[in-house]
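To start, the structure itself, in structure tokens.
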Protein chains: 2
Amino acid sequence: MRPSQALRLWQQVMLSQVRDDAPDLTMRQTAILFTIYLDPPPHTVRGLAARLNVTKPVITRALDTMGALKLVSRHRDELDKRNVLIRRTVEGALFVERFGDGIIAKAHELPI
Amino acid sequence: MRPSQALRLWQQVMLSQVRDDAPDLTMRQTAILFTIYLDPPPHTVRGLAARLNVTKPVITRALDTMGALKLVSRHRDELDKRNVLIRRTVEGALFVERFGDGIIAKAHELPI
DNA sequence: GCAAATTGTTTCGGTTCCGTTTCAGTTTCT
DNA sequence: AGAAACTGAAACGGAACCGAAACAATTTGC
């Protein structure tokens, strides 16, 4: 794949995200969501903040909004009750899966 | 390419965007920028609004912020002075080009 | 046992973005 | 020439987000 094709693909996926009427996640929210679903658990606020190089409140707030959208869920760590463990949800898994399928679909439509 | 690989690639690019300290563009701003640089000109506010399925003020404001970042520039259409033509800039072209190279670089780092 | 450190959340003031509406400038049509 | 249509920008109130700092709950270290 060449850079020009990659850019075209990126544009198409971005456009499909913007065009549909679902509330689009911010760049940070998307990065957090994908990290939760692609990196091995467990995921904590602190861990995600370090991985993304952002402050902890950023993670907390992103989890608030994505939690309201049922894309992730939070649970206290019973072994160390300071920790909050972030878990995947069925809805979130579906969202991410569809996103991946969307990329592939756009890739197939790409001009040579 | 499989969906899981596409997702992993998307995550890596997203992470690199979030991690660096440059102010990240919103999803809409990115879609607008890429459309300006990948679709053939001329580009107008009205045309971009239709292409992205958003209202005109969204485009106007995105052009304000991206104009301040020197990623795009605006010029009155001399033939129809109601129109504003959006033009590419050297800085914007560089930004988009680097983004494309970044995708390719991340793609090469991808696990099988 | 108790101070210090760690974790996630909340609060604060400020910024940015949003949709809707309104507006000024330009063109078109009769 | 004058009304109507069109284009982009500005004004407005509301919502979301930001970083920094303060906070409560829990664990660690001495």
Side-chain angles (χ1 to χ4, degrees), chain A residues 14-15 17-36 39 41-88, chain B residues 14-15 17-36 41-87:
Chain A
M14 213 61 106
L15 278 178
Q17 285 286 304
V18 171
R19 291 180 66 98
D20 81 26
D21 291 333
D24 9 322
L25 301 177
T26 66
M27 202 81 80
R28 290 177 168 193
Q29 288 168 349
T30 310
I32 293 169
L33 186 70
F34 280 30
T35 298
I36 292 169
D39 286 5
H43 296 289
T44 63
V45 173
R46 173 177 165 68
L48 291 171
R51 181 111 166 86
L52 276 81
N53 193 31
V54 297
T55 61
K56 288 192 293 178
V58 168
I59 306 294
T60 295
R61 285 184 289 245
L63 294 179
D64 287 342
T65 59
M66 293 197 295
L69 296 172
K70 312 236 188 220
L71 296 177
V72 298
S73 68
R74 278 191 269 210
H75 307 271
R76 273 286 159 199
D77 183 352
E78 284 306 319
L79 280 70
D80 184 340
K81 292 187 180 165
R82 289 174 302 182
N83 289 330
V84 163
L85 302 179
I86 297 107
R87 291 221 292 258
R88 303 166 184 171
Chain B
M14 213 62 106
L15 278 178
Q17 284 286 305
V18 170
R19 291 180 65 97
D20 81 25
D21 291 332
D24 11 321
L25 300 177
T26 66
M27 203 81 82
R28 290 177 168 193
Q29 287 168 350
T30 310
I32 293 170
L33 187 70
F34 280 30
T35 297
I36 292 169
H43 297 288
T44 64
V45 173
R46 174 175 168 67
L48 290 171
R51 180 110 167 88
L52 276 82
N53 193 31
V54 297
T55 60
K56 287 193 293 175
V58 169
I59 305 295
T60 295
R61 284 184 290 246
L63 295 179
D64 287 343
T65 59
M66 293 196 295
L69 296 172
K70 312 240 187 216
L71 296 177
V72 298
S73 67
R74 279 193 268 211
H75 306 272
R76 273 285 160 198
D77 182 352
E78 283 307 317
L79 281 68
D80 184 340
K81 292 187 179 166
R82 289 174 302 184
N83 289 330
V84 163
L85 301 179
I86 296 107
R87 291 219 293 257

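Naming: A, B, ... by sequence-line order, numbering from 1 per chain.
For B/T60 and D/dG8, the shortest distance from a side-chain N or O to OP1 or OP2 is not below 4.0 Å. Proximity of A/Q29 to the phosphate of D/dA16: no side-chain N or O atom is located under 4.0 Å from OP1 or OP2. Residue B/N83 has a polar side-chain atom (N or O) positioned under 4.0 Å from OP1 or OP2 of D/dG8. Contact annotation: A/R28 does not reach the phosphate of D/dA16 (side-chain N/O to OP1 or OP2, under 4.0 Å). Of the side-chain N and O atoms in B/R76, none sit less than 4.0 angstrom from OP1 or OP2 of C/dT26.
A residue-by-residue look at A/R82 and A/R61 shows that A/R61 has its nearest nucleotide of DNA chain D further toward the 5' end.
To the nearest angstrom, C1' of C/dT11 lies 15 Å from NZ of A/K56. Note: CG (B/D77) to C1' (D/dT7) measures 11 Å, nearest angstrom. Rounding to whole angstrom units, CG of residue A/D80 and P of D/dT28 are separated by 6 Å. Between the CD atom of A/E78 and the C1' atom of D/dT26 there is a distance of 12 Å, given to the nearest Å. Atom CG of B/L85 and atom P of D/dA9 are 11 Å apart (whole Å). Rounded to an integer number of Å, the gap from A/I59 CD1 to D/dC17 C1' is 13 Å. One atom, CD1 of B/I32, and another, P of C/dC17, lie 11 Å apart when rounded to the nearest Å. We find that CG of A/L79 is positioned 21 Å from P of D/dA25, with the value rounded to whole Å.
Remark: side-chain polar atoms of A/R88 are paired, donor with acceptor, to backbone N or O of A/I36 under 3.5 angstrom. Side chain of B/R76 to backbone of B/R82: a donor-acceptor contact under 3.5 angstrom is found. With hydrogens and angles disregarded, no donor-acceptor distance shorter than 3.5 Å links the side chain of B/R28 to the backbone of B/I59. Judged by distance alone, the side chain of A/R74 and the main-chain N or O of A/R87 form no donor-acceptor pair under 3.5 Å.
No more than 12 heavy atoms of other residues, nucleotides or ligands lie within 6.0 Å of CZ in A/R46, so this atom counts as exposed by the packing criterion.
Taking every side-chain heavy atom of B/P57 into account, C/dT20 is the closest of C/dG8, C/dT10, C/dT20. Out of C/dT27, D/dG8, D/dG19, the shortest distance to the side chain of B/K81 is found at C/dT27.
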